[in-house]
Engineer: 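Got a structure here, written out as C-alpha cells. Questions coming.
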Amino acid sequence: MTALPGPTPRKLGLAIDLDTCVGCNACVTACKGWNDQGYGAPLSDQNPYGSEPSGTFLNRVHSYEVLPADAPAQVVNFPRSCLHCEAAPCVTVCPTGASYKRAEDGIVLVNEDACIGCGLCAWACPYGARELDAAAGVMKKCTLCVDRIYNDNLPEEDRVPACVRTCPTGARHFGDYADPDSTVSRLSAERGGMELMPELGTMPVNRYLPPRKKGVEQASPLAPLLDIRAAGLAGWLDRVLSRI
Amino acid sequence: MHPAPSVILFTTLSGLGFGFLAFLGAGCLHPAGLTAFLLWGLGYALAIGGLLFSTFHLGNPQRAWRAFTQWRTSWLSREGWASVLTLLLLAPVALSDWLGLGWSGLPGVIGAAMCFVTIFTTSMIYAQLKTIPRWNHWVTPVLFLCFAGTGGAILAGKVALAVAACLVLAAVMVAGWQIGDRRFADVGATMESATGLGAIGKVRVFERGHTAGNYLLREMIFVVGRKHAARLRVIALVLTAVVPALMLLLAGPHPVAIALAALCHLAGAMAQRWLFFAEAEHVVGLYYGQR
C-alpha cells in the first residue's frame, strides 16, 4: 500500500560523518557486492568494460569543494543514498503499491514483483536515491540491508548494512533514530546532524554530520612572521615604490 | 528531464483525444451514421493510442494492470481509472450517435466532464512533483486543460470557440513559461541545501561519484537541447495557437481546414511538450552541479 504508515515505532537509518569520510568508495563496492546476491534483482551493469560503462548503484560518493569566506577551500566527500524519509514522496506517487515504507521500522522498500518500472518514484525523490535497473526494468534503492540487519544466520557484528560494516574510517553509523539514546541519535545531537534539502518537506531520517570546524590548529604557527614590516633601506624602498 | 517520445506522444495524443471526446460527448456536434463512427473513432483512437504509448515508458509493461490499485494516493493510478471510466462512460453515447439510438444526453455530458477530469489527473502526475519546481505549480493543470479544450474545439470545428481557446492557450503558455522560469529559485533548493554544507561556504562540484553516465543523468539531468528554448517557445506558440486560429478564421469549418489546423496544433503541442520536459530541472541535478 502506498499510503505512508505515519510515525513508526522505530526509525532505522544512517548517520554519515562528512568529517571522517575519506571518499574511498568502499561503501559503494560493499553495497553493490551485497545487493548483487539475494535480495531482489541483481544490480546490473551495462557495457562495464566498454567505453561508456553504466550500472545500477544504491550508493554513490560525490566530492565537493567548499569555499569558506575567510579560509582555504576544503574538499568534502559526500556519500549519497536513500535517506528513508518519514514523508517519503517516492512512496505515495507509486501507482502499483510496489513502493512502500515499513510500518515497523520505517525502511523504504520496493516490492519488485509489483514494480512496473514507470520511474515516477525516482522523479519524486530529491536525492537521486532510486535508479531504474536497465536489465530488470524495476526500481532499485537502498534497502538498509534489510536482509542483513535482522539476519540471525550472520554473526551479530555483521547485522548492520554492508556499507556501515565495511567503512574503514567508521564514517557510517547505523541505528534507530526513534531511540534518543541510540548511537546515531546521540551523534546527531552532539554534532548537529543535518537534513538534506529540508525545504522539500521530505523529513529524511538519515543525518549527515557536518565537517568539524578546523579552528586554531589550522592557522600556521609561522603566521605572525608573515606580518614583518620592512625597515631601514628596504623600508625606504617600500615607501618610495608604493608611492610611484 | 529527459523528453522521452513515449510520454510526449502520450500526453499530446491522449490530451487531444479526450478534448475531442468531450466535445462529442457534450453533443456539440450532431454526427450520425458513418460520420459519427469516424469522428468517435478518431477520438477513441487518439485517446487510447496516447495511453498505449505511455506503456512504452514502462520497464515491465506486462504488470501495468497493477497501476489501478493505488488510486487513494497516486495520481498515476487515478489517471488510469479516470481514463478507463471515461472511455467506458462514453461508449454507449458513441454507439447511440452511430446507430441513432438517441441515448446521448446526460451520460454524454457526464462523460465530457470526465474527459477533463482525466486530463486533470494526467497533469497532476507532473504537477505533484516538488522535486521539479517548474511543474509543481497550478499553471501545469491549467495548461493541460487548455490544451485539451483547444484541441477539442479545433477538431470539433467550432470556429469562434476554437479561436477564443487558442488565445487563452497562448496566454496560459506564456504565463506558464514566465512562472516556470522563476520556480527553481522560488523553491530555494541549492547545492548548499542539498549537501548541507552551506554553513561552511560556497559549494562547488569537485568530483562526481562516477566517471560515466548513469540513470539519474540520463533521466533527470537532461541539459542538451535547451539552447533553442526561446525559438521553440515561439514555434510552439505559432503552431498551437496562431496558425490554427488563422486557418479556421479564414477557411471556416471546412473539413480540410479543420484537419490542417488540428495537425498544426498537434505539431505545436509536441514542440511545447518536448520543451515541457527538456526545460524542467530536477533538484537532483544540484548534486551534479547541473540543472
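By convention in this document, chain letters (A, B, ...) are assigned in the order of the sequence lines, proteins followed by strands, and residues within each chain are numbered from 1.
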Engineer: Looking at chain A, which one of B:V284, B:T55, B:V187 has the largest number of heavy-atom pairs inside 4.5 Å, strictly under?
Structural biologist: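 Counting heavy-atom pairs under 4.5 Å, the top option is B:V284.
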
Engineer: Between A:H62 and B:F206, does the ring centre distance come in under 6.0 Å?
Structural biologist: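 Judged by ring-centre distance (under 6.0 Å), A:H62 and B:F206 do not meet the cut-off.
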
Engineer: Got a second to check how far A:Y127's OH is from B:Y287's OH, nearest 0.5 Å?
Structural biologist: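 Between atom OH of A:Y127 and atom OH of B:Y287 there are 6.0 Å.
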
Engineer: Specify the closest pair of heavy atoms between B:I200 and A:Q74, including all atoms of both residues, with the distance to one decimal.
Structural biologist: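 The pair with the smallest heavy-atom distance is CG2-OE1, 3.7 Å.
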
Engineer: Check whether B:L197 gets within reach of chain A through its side chain, its backbone, both or neither, counting any heavy atom under 4.5 Å.
Structural biologist: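 Answer is both: backbone and side chain atoms of B:L197 are under 4.5 Å from chain A.
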
Engineer: What residue in A:A122, A:P89, A:A69 has the most heavy-atom pairs under 4.5 Å with chain B?
Structural biologist: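 Answer, by heavy-atom pair count under 4.5 Å with chain B: A:A122.
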
Engineer: Between A:D113, A:V76, A:N77, A:D70, which shows the greatest number of heavy-atom pairs under 4.5 Å with chain B?
Structural biologist: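 Highest number of heavy-atom pairs under 4.5 Å: A:D113.
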
Engineer: For a quick test of reading the model, state the closest non-hydrogen atom pair linking B:S74 to A:C94 and the distance between them.
Structural biologist: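 Distance-wise, the nearest heavy atoms are CB-O, 3.3 Å.
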
Engineer: Rounded at 0.5 Å granularity, tell me how far CE in B:M220 sits from SG in A:C125.
Structural biologist: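 Answer rounded to 0.5 Å: 7.5 Å.
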
Engineer: What part of B:W135 gets within 4.5 angstrom of chain A, counting heavy atoms only: side chain, backbone, both, or neither?
Structural biologist: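 It is the side chain, since no backbone atom gets that close.
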
Engineer: Mind ranking A:Q46, A:E131, A:E52 by heavy-atom pairs under 4.5 Å with chain B and telling me who comes out on top?
Structural biologist: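 Looking at each option in turn, the highest pair count goes to A:E131.
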
Engineer: If you count heavy-atom pairs under 4.5 Å between each of B:A194, B:G213, B:S77 and chain A, which one has the most?
Structural biologist: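 Of the options given, most contacts go to B:A194.
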
Engineer: Given that the side chain runs from C-beta out, which part of A:P68 has a heavy atom under 4.5 Å from chain B: side chain, backbone, both or neither?
Structural biologist: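 When you check distances to chain B, atoms from both the backbone and side chain of A:P68 fall under 4.5 Å.
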
Engineer: May I ask you to decide if the ring planes of B:H57 and A:W123 are parallel, tilted or perpendicular, using 30° and 60° as cut-offs?
Structural biologist: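 Because their plane-to-plane angle is over 60°, the rings of B:H57 and A:W123 count as perpendicular.
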
Engineer: Taking the six-membered ring of A:Y64 (Phe, Tyr or Trp), confirm whether the NZ or CZ of B:R204 is under 6.0 Å from its centre and within 45° of its axis.
Structural biologist: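 No; the conditions do not both hold, so B:R204 does not lie above the ring face of A:Y64.
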
Engineer: Can you tell me which of A:E195, A:M139, A:E65, A:R80 forms the most heavy-atom pairs within a distance under 4.5 Å of chain B?
Structural biologist: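 Winner by heavy-atom pair count: A:E65.
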
Engineer: If we only count heavy atoms from C-beta on, is the B:R63 to A:V138 side-chain gap below 4.5 Å?
Structural biologist: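 Touching, per the 4.5 Å side-chain cut-off.
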
Engineer: Can you name the closest pair of heavy atoms from B:T73 and A:A3 and give their distance?
Structural biologist: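 The answer is CG2-CA, 3.7 Å.
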
Engineer: Within the 4.5 Å heavy-atom criterion, are A:E199 and B:S193 side-chain neighbours or not?
Structural biologist: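 SC-SC contact between A:E199 and B:S193 confirmed.
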
Engineer: Measuring only between side-chain heavy atoms, which start at C-beta, is A:V66 closer than 4.5 Å to B:K202?
Structural biologist: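 With C-beta onward as the side chain, the pair stays apart.
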
Engineer: I need the minimum non-hydrogen distance between A:R130 and B:L216, along with the two atoms involved.
Structural biologist: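 So the two residues come closest at O-CD2, 3.7 Å.
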
Engineer: Would you say that more than 12 heavy atoms from the other residues, nucleotides or ligands in this model lie under 6.0 Å from the NZ of A:K32, or not?
Structural biologist: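 Correct, the count exceeds 12.
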
Engineer: So, do B:V283 and A:M197 sit near enough that their side-chain heavy atoms are less than 4.5 Å apart?
Structural biologist: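 In short, these two side chains touch, coming nearer than 4.5 Å.
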
Engineer: Examine whether an atom of B:T211 lies under 4.5 Å from a heavy atom of chain A, and if so say whether it belongs to the side chain, the backbone or both; otherwise answer neither.
Structural biologist: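 For B:T211, no heavy atom lies under 4.5 Å from chain A.
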
Engineer: Between chain B and each of A:S51, A:C115, A:G55, count heavy-atom pairs under 4.5 Å; write down the option with the most.
Structural biologist: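 Top count of heavy-atom pairs under 4.5 Å with chain B: A:C115.
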
Engineer: Answer yes or no: is there a donor N or O on one side and an acceptor on the other, between the side chain of B:N60 and the main chain of A:G117, under 3.5 Å?
Structural biologist: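 No.
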
Engineer: Distance check, rounded to the nearest 0.5 Å: B:L286 atom CG versus A:L196 atom CG?
Structural biologist: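 The distance works out to 11.5 Å.
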
Engineer: Report yes or no: do B:R218 and A:S54 form a side-chain donor-acceptor pair below 3.5 Å?
Structural biologist: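 A donor-acceptor contact under 3.5 Å links the two side chains.
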
Engineer: Give me the atom names and distance for the closest heavy-atom approach of A:M194 to B:T195.
Structural biologist: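 Heavy atoms only, the tightest pair is CE-O, 3.8 Å.
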
Engineer: Can you tell me how far CZ of B:R208 sits from CZ of A:R60, rounded to the nearest 0.5 angstrom?
Structural biologist: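 It is 11.0 Å, given to the nearest 0.5 Å.
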
Engineer: At a heavy-atom separation under 4.5 Å, does B:Y126 approach chain A through its side chain, its backbone, both, or neither?
Structural biologist: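 Answer is side chain: those atoms of B:Y126 sit under 4.5 Å from chain A.
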
Engineer: Roughly how far apart are A:L200 CG and B:N136 CG, rounded to 0.5 Å?
Structural biologist: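 Reported to 0.5 Å precision, the distance equals 9.0 Å.
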
Engineer: Do B:N214 and A:T56 come close enough that some side-chain heavy atom pair is under 4.5 Å?
Structural biologist: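 When only atoms from C-beta onward are counted, A:T56 and B:N214 do not touch, as no gap falls below 4.5 Å.
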
Engineer: Please state whether the side chain, the backbone, both or neither of A:A98 comes within less than 4.5 Å of a heavy atom of chain B.
Structural biologist: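 No part of A:A98 comes within 4.5 Å of chain B.
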
Engineer: Between A:T96 and B:Q70, is there a side-chain donor-acceptor contact under 3.5 Å, judged purely by atom types and distance?
Structural biologist: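 On atom types as modelled, these side chains do not qualify, holding no pair under 3.5 Å.
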
Engineer: Nearest 0.5 Å, please: how far is CG in A:D133 from OH in B:Y215?
Structural biologist: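 Rounded to the nearest 0.5 Å, the OH-CG separation comes out at 11.0 Å.
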
Engineer: Heavy atoms only: give me the nearest A:C118-B:L76 pair and the separation to one decimal.
Structural biologist: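 Scanning both residues completely, I find the closest heavy atoms to be SG-CD2, 3.8 Å.
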
Engineer: Mark yes or no for whether A:N25, through its side chain, and B:G209, through its backbone, hold a donor-acceptor pair below 3.5 Å.
Structural biologist: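 Absent.
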
Engineer: Go through B:W71, B:F68, B:W75, B:Y288 and name the one with the most non-hydrogen pairs under 4.5 angstrom from chain A.
Structural biologist: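 Between B:W71, B:F68, B:W75, B:Y288, the count favours B:Y288.
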
Engineer: Is there a donor-acceptor contact under 3.5 Å from the side chain of B:T131 to the main chain of A:P126?
Structural biologist: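 Here the side-chain-to-backbone pair does not exist.
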
Engineer: Who in residues 116-125 of chain B is close to chain A, using a strict under-4.5 Å heavy-atom cut-off?
Structural biologist: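 Checking residues 116-125 of chain B against chain A gives B:I125.
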
